[in-house]
Undergrad: 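Quick one: the structure is below, and I'll ask about it shortly.
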Amino acid sequence: MELATDTIALLMAVAFVAGLIDAIAGGGGLLTIPALMAAGIPPVNAIATNKLQSSFGTASAVVAFARKGRIDFRRFLKPAIGAFIGSAFGAWTLQRLNPAFLSGLIPMLLILMVIYFLLAPKASEEDRQGRLGPVALLAIVSAIGFYDGFFGPGTGSFLTTALVALFGLGLVSATAHTKLLNLSSNIAALLTLVIGGHVLWTVGLLMAVSSIAGGQLGAHLAMRVGGRVIRPLLVTMSLLLTMKLLSDPANPLRAYVMAHA
């Protein structure tokens, strides 16, 4: 599929902004997937191409955080593997089940997450004692990885919330490790979509260049200003994602609300 030069340039600009937002709070796909579809790319190809470009952006953010010593690779190696396996299994399941029921559940989970960040005490910039141990960390991350492969929206938000609320990480540390875990789940889903032949390589790689630049800038901003930016942006992106999901006429939760209004 061939796209006009100005269309590709616009998609690259969107990918830069999405990469920046993704590195801080997640949710960059809210920008890139609609932009790809607006360019006339079919939904499955848009999702697959978005996985390609966002994987590069996430990898860029991981490198930026790692250079500053913000990622504990030893502690999060097994969870990253769990996210990979969970995502691969989720993508495999997606091809056999209808994920529509999740589109009604996810907005409620996102709203609960927003309430948590609005009402919970201000998260510390330093790590503290977590409520759960490494086995629970592996299980929860693997489950979120499965969700990323099966459905996807809000994965970064869910990972960050879990790492802060359950495992004692400060917001910057949680954001850094979320990028590592999300990269693992993204790669697993991307490989599945590549095998299916759905990726548009040219536009995806060009967008990846911009996504890398945005991811680098976003990671540096997250480390520099910390929770002052991460917390409000996390809440904002979660609310935007909730509204987007509920605006879909096929969403069962929206249909239920309309029927009982």
Undergrad: Are any of the side-chain heavy atoms of Val17 and Thr32 separated by less than 4.5 Å?
TA: no

Undergrad: Closest heavy-atom contact between His177 and Leu163?
TA: CB-CD1, 4.0 Å

Undergrad: Quick one: pull up OG1 in Thr192 and CD1 in Ile187 and give me the separation to the nearest 0.5 Å.
TA: 12.0 Å

Undergrad: Which heavy atom in Ala23 sits nearest to a heavy atom in Ala219, and how many Å separate them?
TA: CB-N, 3.6 Å

Undergrad: Mind checking whether Leu190 and Leu205 sit in one hydrophobic cluster, side chains of I, L, V, M, F, W, Y counted as touching below 4.5 Å?
TA: yes

Undergrad: Are Ile144 and Asp148 packed together at the side-chain level, in the sense that at least one heavy-atom pair is separated by less than 4.5 angstrom?
TA: no

Undergrad: Just how far is it from atom CD1 of Ile8 to atom CG of Leu206, taken to the nearest 0.5 Å?
TA: 6.0 Å

Undergrad: Measure the shortest side-chain to side-chain distance between Phe65 and Leu180 over non-hydrogen atoms and say whether it is less than 4.5 angstrom.
TA: no

Undergrad: Quick one: list whatever passes side-chain contact (heavy atoms from CB on, under 4.5 Å) with Ala136, sequence neighbours left out.
TA: Leu132, Phe167

Undergrad: Determine the minimum heavy-atom distance between Asn186 and Lys51, stating which atoms define it.
TA: OD1-NZ, 2.9 Å

Undergrad: Between Phe89 and Phe146, how do the two ring planes meet: parallel, tilted or perpendicular, split at 30° and 60°?
TA: tilted

Undergrad: Would you say that Leu3 contacts Leu11 through its side chain, given a criterion of any heavy-atom pair below 4.5 Å between the two side chains?
TA: yes

Undergrad: To the nearest 0.5 Å, what is the distance between CZ (Arg67) and CE (Met223)?
TA: 10.0 Å

Undergrad: May I have the step-by-step check of side chain to side chain contact (heavy atoms under 4.5 Å, CB included) for Asn182 and Phe158, ending in yes or no?
TA: CA-CA 10 Å; Asn182 208 177; Phe158 293 138; over 6 Å; no

Undergrad: Say you draw a straight line from OG1 of Thr178 to CG of Asp22; how long is it, rounded to the nearest 0.5 Å?
TA: 11.0 Å

Undergrad: Verify the neighbour count for atom CZ of Phe76: are there more than 12 heavy atoms of other residues, nucleotides or ligands below 6.0 Å?
TA: yes

Undergrad: Looking at Ser60 and Phe56, would you say the former's side chain and the latter's main chain have a donor-acceptor pair under 3.5 Å?
TA: no

Undergrad: Looking at CG of Leu36 and CG of Leu31, how far apart are the two atoms once the value is rounded to the nearest 0.5 Å?
TA: 11.0 Å

Undergrad: Give a yes or no answer on whether the side chain of Thr7 reaches the backbone of Ala39 with a donor-acceptor pair at less than 3.5 Å.
TA: no

Undergrad: Is it possible for you to say whether Leu52 and Phe16 belong to one hydrophobic cluster, with membership spreading through side-chain heavy-atom contacts below 4.5 Å?
TA: no

Undergrad: Determine the minimum heavy-atom distance between Ser210 and Ala15, stating which atoms define it.
TA: CB-CB, 4.1 Å

Undergrad: Strictly distance-based, threshold 3.5 Å: is any side-chain N or O of Ser142 a donor or acceptor partner for the main-chain N or O of Leu138?
TA: yes

Undergrad: Please answer: with hydrophobic residues joined when any side-chain heavy atoms are less than 4.5 Å apart, are Ile212 and Val14 in the same cluster?
TA: no

Undergrad: Quick one: do Thr155 and Leu181 satisfy side chain to side chain contact (heavy atoms under 4.5 Å, CB included)? Show the steps, please.
TA: CA-CA 10 Å; Thr155 297; Leu181 299 172; over 6 Å; no

Undergrad: Taking atom CZ of Arg70 and atom CG of Asp72, what is their separation to the nearest 0.5 Å?
TA: 13.0 Å

Undergrad: So if you build clusters from Ile, Leu, Val, Met, Phe, Trp, Tyr with side-chain heavy-atom gaps below 4.5 Å, do Leu217 and Leu183 land together?
TA: yes

Undergrad: Minimum heavy-atom separation for Ala64 to His220, with atom names?
TA: CB-NE2, 4.4 Å

Undergrad: Under 4.5 Å between side-chain heavy atoms, counting indirect links through other Ile/Leu/Val/Met/Phe/Trp/Tyr residues: same cluster for Tyr147 and Ile140 or not?
TA: yes

Undergrad: Please report the shortest heavy-atom distance between Ile33 and Ala46, naming the atom on each side.
TA: O-CB, 4.5 Å

Undergrad: Please answer whether the main-chain N or O of Met207 pairs with a side-chain N or O of Ser211 as donor and acceptor at a distance below 3.5 Å.
TA: no

